[in-house]
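What follows is a short report on a single structure.
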Amino acid sequence: MDIFGSLFGWLWWVAQLLFGLLWLLVGGWVSTLLQIVVLALGFFVWRHGWRQAPAELWRQIRALYRFLNGAIRASEAMERARAPEPRRSVVAPVVTPQPPRQFGDVTINISSALSGLMFLGLVAAALLGV
């Protein structure tokens, strides 16, 4: 009976670890995108029915992509048209070299730090058996 208890405990620990990893992924930008897709799909199911909803959603996403891509290209073209033509310089530009990166030079944002701390907390809780 003891072997089944330890096997069950080990499997429970692995399941908690996998759930923690999944929760870490779903807790950030993946969750935001997933929520937007679920809301949009729900609206399209309500509007067009469950059979046509995925095709209609895909059609609208492609139309939105084309619109945004055209807007970005148009704004870039307008900026180029507004900007005066740069003068040609005979002298080569001076480029200051960047110092080489050393071990420990890490740029991390707050979201990544908090997600990492949450993951470490979940691992610590699983190891302590909380």
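Fair warning: this is a prediction, and the values are worked out from it, not measured in the lab.
- The distance from the OG1 atom of Thr32 to the CD1 atom of Ile36 is 6.5 Å, given to the nearest 0.5 Å.
- Note on Phe43 and Ile61: same hydrophobic cluster, where clusters join Ile, Leu, Val, Met, Phe, Trp and Tyr whose side-chain heavy atoms are under 4.5 Å apart, directly or indirectly.
- Leu122 and Gly20 get closest at one heavy-atom pair: CD1-CA, 3.6 Å.
- Taken together through direct or relayed side-chain contacts under 4.5 Å among Ile, Leu, Val, Met, Phe, Trp and Tyr, Leu41 and Trp46 form part of one hydrophobic cluster.
- Tracing side-chain contacts under 4.5 Å through hydrophobic residues (I, L, V, M, F, W, Y), one never reaches Phe19 starting from Phe8; they form parts of separate clusters.
- Interatomic distance, CH2 of Trp12 versus CG of Leu17, reported as 13.0 Å (0.5 Å rounding).
- Within the 4.5 Å cutoff, no side-chain heavy atoms of Phe44 are placed close to those of Gln52.
- The shortest side-chain heavy-atom distance between Leu127 and Trp13 falls under the 4.5 Å cut-off.
- Scanning all heavy atoms of the two residues, the minimum distance from Leu24 to Ser115 falls at CD1-O, 3.0 Å.
- With sequence neighbours excluded, the residues forming a salt bridge (Lys or Arg N to Asp or Glu O under 4.0 Å) with Arg59 are Glu56, listed by chain and number.
- For Phe119, there are no ring pair (Phe, Tyr, Trp, His ring centres under 6.0 Å) partners at least two apart in sequence or on another chain.
- Hydrophobic clustering of Ile, Leu, Val, Met, Phe, Trp and Tyr side chains at less than 4.5 Å, counting indirect connections, keeps Leu33 apart from Leu39.
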